[in-house]
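First up is the structure itself, then whatever we jot down about it.
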Amino acid sequence: MDIVKKIVRPGVRIELRPYDMRNSEEEYDLFYQSKISDVKEDGSVEVYLPIEQGKLVLLSEGSRLDLYCYAASGIYECPAVVIERYKKEGLYFVLLRMTDDLKKNQRREYYRYQCTIPMQDRAMDEEERQFFVTQGLLLVDDEIPMGESTIVDISGGGLQFVGTCRYHVNDMVYCRFVFGKPYALCLKILDGKAVPDKAGQYRYRAGFMEIDKRVREEVIRHIFALERMKRKMYIDRKIEEGGKI
């Protein structure tokens, strides 16, 4: 089967990243999440217009983007350009034209999985931080109360979460959550901002610190297993509805 037809299909989750952010330090910070709605006869790709913080991202005609398709077998990427933006049946879309071949992205640790997973977290104290930095071991007091947060996406490199605890960039955070199995890890806060219209809640982007390679691969394998399951459920539902896949 042609690789494009196999990967670029309705229902596939995508990310759109501004073309001019390539190779910058912010390459993996600025991205818009969406899904493919349809693939036209001429090969152009219809996607739902991304929404950021409750507002439509008004991608203009002619904008150059990098298109990342999150298939069950991995991440595939190619450059694309916005052909048209329009509204149809009450929904907003952009039509994209791929301008080069679709290639597999080998950096599996950046494969993000959208989710809603409960997490407990707290800032590490000075003694815990020093021991972790000097010994490379996470030794913490589990009797200290922890805050309640929600992981909204996770990858082999880190996660994004929403919670009420106030952290700052470079803070070291001890966290516990279940993702296929229980994990207790150290996070480094990369950035954070208040959640609009939700007083006292903050959204953070954090990276795993000194994560064991085996643990990272466990997280990645579980992400891919969940993506395969989601894709199978989508195909089964379409078959039941008698629609095209």
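Note that this is a predicted model, so its numbers are computed, not measured.
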Sequence neighbours left out, what passes side-chain contact (heavy atoms from CB on, under 4.5 Å) with [X]? Give chain and number order.
X    : result
T150 : T116
L138 : M124, F132, V140, Y174, C186
Q201 : V162, T164, V195, K198
Q120 : M146, E148, R176

Set of residues satisfying side chain to side chain donor-acceptor pair (under 3.5 Å) with respect to [X], sequence neighbours excluded:
X    : result
E61  : none
K213 : none
Y92  : none

Can you tell me which residue pairs pass the salt bridge (charged side-chain N to carboxylate O under 4.0 Å, His left out) test with a partner in residues 124-139, sequence neighbours excluded?
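As it turns out, the salt bridge (charged side-chain N to carboxylate O under 4.0 Å, His left out) pairs with a partner in residues 124-139, which skip direct neighbours, are R122-E128, E126-R129.
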I need the full list of salt bridge (charged side-chain N to carboxylate O under 4.0 Å, His left out) pairs touching residues 42-51, with sequence neighbours left out, sorted by first then second residue.
K40-E46, E46-K88
Looking at residues at least two apart in the chain, or sitting in another chain, which of them share a ring-ring contact (aromatic ring centres under 6.0 Å, His included) with F179?
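Partners of F179 by the ring-ring contact (aromatic ring centres under 6.0 Å, His included) criterion, ordered by chain and then number, come out as H222.
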Applying ring pair (Phe, Tyr, Trp, His ring centres under 6.0 Å), which residue pairs with at least one partner in residues 133-163 are found, sequence neighbours left out?
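Every pair satisfying ring pair (Phe, Tyr, Trp, His ring centres under 6.0 Å) with a residue in residues 133-163: F161-Y204.
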Is it true that E15 and R17 have a side-chain N and a carboxylate O under 4.0 angstrom from each other?
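Judged by the 4.0 Å cut-off on N to carboxylate O distance, E15 and R17 do form a salt bridge.
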How does the hydrophobic cluster around L139 look, that is, which other residues are in it when side-chain heavy atoms under 4.5 Å mark a link?
F131, L137
